[in-house]
Every structure is written in structure tokens, then in C-alpha cells.
Amino acid sequence: MVSRVVFGRGSFNQLGDIIAPKRQNIKAPFIFLVDDVFKGNSWLTSRIPIAYNDQLLYISADEEPKTSQVDELVEQIILSHKDRPSGIIGIGGGTILDLAKAVSILLTNKGEAKNYQGWDLVKSPAIYHVGIPTISGTGAEVSRTTVLTGPQKKLGINSDHTPFDQVILDPELAKDVPKEQWFYTGMDCYIHCIESLNGTYLNAFSQSYGEKAYQLCLEIFTEDNLSVEDSQDKLMMASWHGGMSIAYSQVGVAHAMSYGLSYLLGTKHGIGNCVVFDHLEEFYPDGVKLFKQMKQKHNIELPQGLCSNLGDDEFDIMIDVALSLEPLWINAVGKNWKQIITRDKLKSLYQKM
Ligand code: NAD
Ligand code: ZN
């Protein structure tokens with residue numbers, strides 16, 4: 001679990017005080033990985049407490065993180081500074097938070113990021129790392145994984161060294177998120193709840209967090225009387241609880257199939273989950289019904305025909321990626337999932353998207 005967290009509008013201003021005691025010496029910098037959407041946005045960047053040899057790197061979130069990108073960032077940091085950094089601070093959405101987690105791990109663990117994709121392969125503790133979400137929903141701020149696309153697979157570095165040492169939850173940072181993106185990333189949280197609460201892995205720990213996150217999502221996405229601030233505050237906490245819920249259970253069909261879309265077509269996580277979930281009535285009837293209502297209420301048009309021009313080889317790639325995620329299928333369908341989830345079944349679902 002994340003060891004320290006602060007919450008509150010304006011809490012971003014505490015960043016300098018929070019990290020100061022963690023500075024190893026004046027030559028050991030803090031490296032700030034910041035979503036490049038904030039380039040030129042002095043409202044946020046003027047409050048980043050840069051001192052001594054600290055470095056700010058703007059990173060695009062247009063594409064999801066790759067293992068090669070992690071390796072390049074680690075090399076860049078090592079070559080630019082004689083001393084090992086005092087810490088890595090990620091400021092952005094799931095893309096930047098995952099990069100910050102992965103870079104902090106690879107600074108203390110030899111070799112390439114792709115070697116650590118899997119479960120509990122990280123041997124040495126990461127360097128001090130801080131996560132500051134600027135958009136809510138993925139739960140990446142709280143989870144024990146960092147999802148990376150590697151040469152062979154899209155898979156997380158799941159380990160006890162992955163979670164942030166410190167998280168700052170300042171809902172005000174999400175004030176300029178575009179509406180569509182707000183919906184897609186918010187729905188990632190909603191889908192985490194549905195998949196966790198309807199899964200065979202469910203237990204009291206996951207249920208307690210999943211139910212709370214689900215209830216918050218209902219307030220945010222179905223009610224009319226929430227203020228903008230309330231809605232931002234609640235979505236930030238829904239994301240946290242949704243992340244905690246899947247930490248002790250698993251996600252399900254939407255995530256497995258969305259990983260296939262992402263691997264082949266580069267479809268981003270939030271929107272990919274929405275595209276898939278829209279067609280999953282047979283697995284999650286109530287969840288999908290409500291999803292369609294929320295989509296309509298917020299005038300969201302999902303992209304259509306993503307798979308309409310794909311050949312058999314391409315369907316096979318997506319199906320292979322989806323089927324490789326065995327725990328997700330066991331959670332979603334049960335131990336006999338292979339009898340139900342055939343290649344033909346997945347192909348016919350992908351063909352609808
Ligand atoms: P994102 O980080 O990809 O960002 C989406 C878009 O929103 C980008 O264009 C970004 O620039 C923009 N944005 C972010 N904050 C903004 C702000 N305050 N104002 C204006 N624009 C802003 O989005 P995401 O949905 O948070 O993250 C998706 C990533 O998270 C994927 O790579 C996915 O694999 C990963 N993920 C990780 C976990 C985990 O547990 N580690 C869980 C779910 C998803
Ligand atoms: Zn997700």
C-alpha cells in the first residue's frame with residue numbers, strides 16, 4: 001500500500017515541504033516527470049518546488065508508457081546526474097504515474113524494464129517516488145502495478161516496490177480535464193468496480209472498497225446536483241477506492257479485451273475499456289445498462305468500427321493478448337473459463353467494436 005497520502009484542494013502546495021526531508025544531498029536531484037499538457041501552464045508549474053540540480057522533464061501522454069521509454073528515461077537521468085536521484089515525482093494521469101513508478105524501480109534494479117513485467121520480479125526497493133494525479137479514475141496512484149507495453153506483451157510490473165511512497169491528492173489539479181477524457185478515465189474506475197464486484201476473486205476487503213467507489217461513481221455520473229468541486233473531490237476518492245478494490249481482486253472481461261485493442265491499435269486504456277464494455281451485456285448486464293445511461297446523459301459518442309478493417313492475423317494478435325490474461329478470465333468467468341471464452345467468441349465480440 002501507499003505509505004503516506006495527503007488530500008485536499010490546494011494540497012499540491014505542500015509538495016516542497018513534503019519532499020525536502022527526502023533530499024539525500026544537494027547533488028542528488030528530484031526528477032519531476034510532468035505531463036506536457038501542463039507546459040506553459042504557470043498555475044501548476046510555478047508551484048513545482050525545483051531547487052539545486054532538480055530536473056523537470058515534460059512527457060507526452062499521447063501514447064501509453066512503453067518499456068523502451070522507461071529504459072530511455074532511466075538512461076537520460078543516469079547520464080545527466082552524477083548522484084542517484086533523491087526521488088521521482090510524477091505529475092499527471094495514469095500514463096505519467098506509471099512512468100514515474102517504473103523509472104523509480106529501474107533506477108535501482110539492473111537491466112531493462114521488460115525483464116520486470118510480471119509478478120514480484122523486482123528485487124531491490126525503488127527510489128523514493130511520489131505520485132500526484134491530475135485526472136481521476138485509473139487508480140494508478142494507489143495500485144501495486146505499473147502497466148507497460150513491451151516488445152512481447154502489455155503487462156504490469158506488479159511488486160511490493162511499485163506503490164508510491166507518497167501520494168498527493170489535490171482534486172483542484174483536475175479542473176481543466178476535457179469532458180470526454182473525464183468520462184473515459186472516470187469510467188475506468190466504474191469498470192474496475194463492476195469487474196471487481198462481479199468477479200470470483202471478490203472478498204470482503206475488495207468489496208468494501210469496490211462498493212464505496214461504485215456508490216461515488218453513481219453520485220458523480222448520474223446525479224444532477226453535485227457542484228463541480230464536489231464532483232472532482234469524489235472522483236478522486238472513487239479512483240482511490242476502485243484501485244484498492246482491484247488490488248485484492250482482479251479486473252475482468254473489459255480489461256482483458258481492451259488490452260488487446262491497446263496492443264494492436266494503440267487504443268488508450270480509458271476509451272478502450274468504454275468501447276469494449278459497451279458490448280458486454282451478457283457478462284455484466286446491470287453494469288452495462290447503467291453505463292449506456294451515463295454515456296447518454298453526458299452526450300458521449302464512442303468511436304465505432306475500430307476493428308472493421310482488420311484481417312484475421314490482426315484479430316489473432318488481439319485474441320492472443322486477451323487470452324494470455326488468465327487471472328482476469330478466472331475472475332470474470334470462473335475456473336472453467338476456457339470452455340466459455342473461445343477464440344470465436346472473442347472474435348465475434350471484437351467484430352462489433
Ligand atoms: P492519461 O494519463 O493517458 O491522460 C489522458 C489525457 O488527459 C492526456 O491527453 C493528458 O495529457 C490529459 N490530462 C491529464 N491531466 C489533465 C489535466 N489536469 N488537464 C487537462 N488534461 C489532462 O490518462 P489516464 O486515463 O489517467 O491513464 C491511462 C493510463 O493509465 C494507461 O497507460 C493505463 O495503462 C494506465 N493505467 C494504470 C493502472 C495502474 O494501476 N497502474 C490502472 C489503470 C490504468
Ligand atoms: Zn483500468
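Residues take their numbers from the sequence shown, with the count starting at 1. All heavy atoms count here, side chains included; hydrogens, waters and symmetry mates do not.
Cluster annotation: Ile18 and Val2 are assigned to distinct hydrophobic clusters (Ile/Leu/Val/Met/Phe/Trp/Tyr, side-chain heavy-atom contacts under 4.5 Å, transitive). Ile157 and Leu33 fall within a single hydrophobic cluster, where Ile, Leu, Val, Met, Phe, Trp and Tyr are joined by side-chain heavy atoms under 4.5 Å apart, directly or via other members. Hydrophobic clustering, with ILVMFWY side chains joined whenever heavy atoms are under 4.5 angstrom apart, groups Val275 together with Met318. Note on Ile96 and Ile50: separate hydrophobic clusters, where clusters join Ile, Leu, Val, Met, Phe, Trp and Tyr whose side-chain heavy atoms are under 4.5 Å apart, directly or indirectly. Leu57 and Ile48 fall into different hydrophobic clusters, where Ile, Leu, Val, Met, Phe, Trp and Tyr residues are linked whenever their side-chain heavy atoms come under 4.5 Å apart, directly or through other members.
Side-chain N/O atoms of Gln293 and Thr222 include no donor and acceptor closer than 3.5 Å. A donor atom on one side chain and an acceptor atom on the other are found under 3.5 Å apart for Glu195 and His255. Donor-acceptor pairing under 3.5 Å is recorded for the side chains of Ser262 and Lys154. Between the side chains of Thr145 and Thr162, no donor-acceptor pair of N or O atoms lies under 3.5 Å. Counting only N and O atoms by type, the side chains of Ser68 and Lys114 include no donor and acceptor under 3.5 Å apart. The closest side-chain donor-acceptor pair between Thr185 and Gln181 falls under 3.5 angstrom. Between the side chains of His81 and Asn53, no donor-acceptor pair of N or O atoms lies under 3.5 Å. A donor and an acceptor atom, one from each side chain of Arg9 and Gln232, are located under 3.5 Å apart. Checked by atom type, the side-chain pair Asn158/Asp120 shows no donor-acceptor distance below 3.5 Å.
The number of heavy-atom neighbours closer than 6.0 Å to CD of Glu301, taken from other residues, nucleotides and ligands shown, is 12 or below. Within 6.0 Å of the NZ atom in Lys110, the count of heavy atoms belonging to other residues, nucleotides or ligands does not exceed 12. Atom CG of Asn309 is surrounded by 12 or fewer heavy atoms from other residues, nucleotides or ligands within 6.0 Å. For CD of Glu63, the number of neighbouring non-hydrogen atoms (other residues, nucleotides, ligands) closer than 6.0 Å is 12 at most. More than 12 heavy atoms of other shown residues, nucleotides or ligands fall within 6.0 angstrom of atom CZ in Phe315. Within a 6.0 Å sphere centred on CD of Glu281, heavy atoms belonging to other residues, nucleotides or ligands number more than 12. Atom NZ of Lys27 is surrounded by 12 or fewer heavy atoms from other residues, nucleotides or ligands within 6.0 Å.
Closest non-hydrogen pair, Leu218 versus Leu290, comes out as CD2-CD2, 3.2 Å. Scanning both residues, His269 and Glu64, for their nearest heavy atoms gives N-OE2, 2.5 Å. Here the closest non-hydrogen pair linking Glu112 and Leu106 is C-CD1, 3.9 Å. In terms of heavy atoms, Ala322 sits closest to Tyr350 at CB-OH, 3.9 Å. The heavy-atom pair separating Tyr184 from Cys274 by the smallest distance is CD2-SG, 3.9 Å. Here the closest non-hydrogen pair linking Ala100 and Gly90 is CB-CA, 3.7 Å.
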Verdict with reasoning, Asp188 to Thr138, per side chain to side chain donor-acceptor pair (under 3.5 Å): CA-CA 6 Å; Asp188 189 22; Thr138 64; 5.1 Å; no
Salt bridge (Lys or Arg N to Asp or Glu O under 4.0 Å) assessment of Asp320 paired with Lys153: CA-CA 10 Å; Asp320 287 339; Lys153 54 196 170 199; over 6 Å; no
Evaluation steps, side chain to side chain donor-acceptor pair (under 3.5 Å), between Thr108 and Ser124: CA-CA 6 Å; Thr108 54; Ser124 307; 5.5 Å; no
Verdict with supporting geometry, Lys101 and Ser143, side chain to side chain donor-acceptor pair (under 3.5 Å): CA-CA 10 Å; Lys101 293 198 234 182; Ser143 73; 3.1 Å; yes
Tyr259 vs Tyr263, ring pair (Phe, Tyr, Trp, His ring centres under 6.0 Å): CA-CA, chis, key distance, verdict: CA-CA 6 Å; Tyr259 272 32; Tyr263 188 83; 9.9 Å; no
Side chain to side chain contact (heavy atoms under 4.5 Å, CB included) between Tyr214 and Glu211, intermediate numbers included: CA-CA 5 Å; Tyr214 177 78; Glu211 284 175 353; 5.6 Å; no
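Side chains of Thr146 and Pro65 form no contact here, defined as non-hydrogen atoms less than 4.5 Å apart. Within the 4.5 Å cutoff, the side chain of Ile19 has heavy atoms near those of the Phe32 side chain. Using a 4.5 Å heavy-atom cutoff, the side chains of Ile31 and Asp54 are not in contact. Between Val142 and Phe164 there is no side-chain heavy-atom pair separated by less than 4.5 Å. Side-chain contact between Asp165 and Val130: absent, with no pair of heavy atoms (C-beta onward) separated by less than 4.5 Å. At a threshold of 4.5 Å between non-hydrogen side-chain atoms, the residues Val167 and Ile132 do not count as touching. Contact check for Leu216 versus Glu219: side-chain heavy atoms found under the 4.5 Å cut-off. In this structure, the side chains of Lys338 and Ile330 stay at 4.5 Å or more apart for every pair of heavy atoms.
A perpendicular orientation is assigned to the rings of Phe183 and Phe221, their planes being inclined by more than 60° (bins at 30° and 60°). Taking the six-membered ring where tryptophan is involved, the planes of Tyr190 and Phe277 are perpendicular, since the angle between them exceeds 60° and thus also 30°.
Among residues at least two apart or in separate chains, side chain to side chain donor-acceptor pair (under 3.5 Å) pairs with a member in residues 30-52 are Asn13-Arg47.
Taking OG of Ser206 as the start and NE2 of His241 as the end, the distance is 12.5 Å to the nearest 0.5 Å.
With sequence neighbours excluded, no residue satisfies ring-ring contact (aromatic ring centres under 6.0 Å, His included) with Phe7.
Paired with Ser239 under the rule side chain to side chain donor-acceptor pair (under 3.5 Å), one option of Glu141, Lys234, His192 passes, and it is Glu141.
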